[in-house]
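Remember, predicted model here, so these are calculated numbers, not experimental data. For reference, positions follow the sequence shown, starting with 1.
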Amino acid sequence: MSIVLVGGHERMLDEYKTIGNKHGCKIKVFTHLPARFEKTIGQPDAIVLFTSTVSHKMVHTAVKEAKRKKIPVIRCHTSSGNSLKETLKQISAKIVH
């Protein structure tokens, strides 16, 4: 399963990827707005938005691409490792059922 994580703290980048690997997910993390962000999102199974640590422009672009490509968007208000773990559990449960 592939996940795009938008937002979060740059210092937690490796931890986010480690948590994803433990849950069987490949995670692409964007803590800052890259050039041509809409093109680099790709076609993941879900997009996770850490709303407390992300710019409005990144949210707008990610949600717009998700609607266009019919990708589910999950919003988290905190950008902690535990928040990511719980979100990945929810995503896994939805895909399995």
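- Here CD1 of I19 is found 9.5 Å from OG of S83. Values are rounded to the nearest 0.5 Å.
- The environment of K26 atom NZ is sparse: at most 12 non-hydrogen atoms of other residues, nucleotides or ligands sit within 6.0 angstrom.
- In terms of modelled atom types and a separation under 3.5 Å, the side chain of K28 and the main chain of T40 share a donor-acceptor contact.
- Tracing side-chain contacts under 4.5 Å through hydrophobic residues (I, L, V, M, F, W, Y), one never reaches V4 starting from L13; they form parts of separate clusters.
- Proximity of I71 to P44: side-chain heavy atoms (C-beta onward) are separated by under 4.5 Å at one or more points.
- Atom CD in E38 sits 7.5 Å away from atom CZ in R36 (nearest 0.5 Å).
- A heavy-atom distance below 4.5 Å is not found between the side chains of V6 and T61.
- For N82, the side-chain contact (heavy atoms from CB on, under 4.5 Å) partners at least two apart in sequence or on another chain are S80, K85.
- H77 and T51 share a donor-acceptor pair across their side chains, judged by distance under 3.5 Å alone.
- Here the CD-CG distance, from E15 to L84, works out to 8.5 Å after rounding to the nearest 0.5 Å.
- Of all non-hydrogen atoms in A62 and I47, the two that sit nearest each other are O-CD1, 3.9 Å.
- Among all heavy-atom pairs drawn from L88 and C25, the shortest one is CD2-SG, 4.0 Å.
- Atom OG1 of T87 and atom CZ of F50 lie 6.0 Å apart (nearest 0.5 Å).
- Side-chain contact between I74 and I91 is present, with heavy atoms from C-beta onward closer than 4.5 Å.
- Annotation for R75 and V63: closest pair NH2-CG2, 3.4 Å, computed over non-hydrogen atoms.
- Taken to the nearest 0.5 Å, the NE2 atom of H32 stands 8.5 Å off from the CE atom of M58.
- Just one residue in the list V48, L5, I3 forms a side-chain contact (heavy atoms from CB on, under 4.5 Å) with Y16, and that residue is L5.
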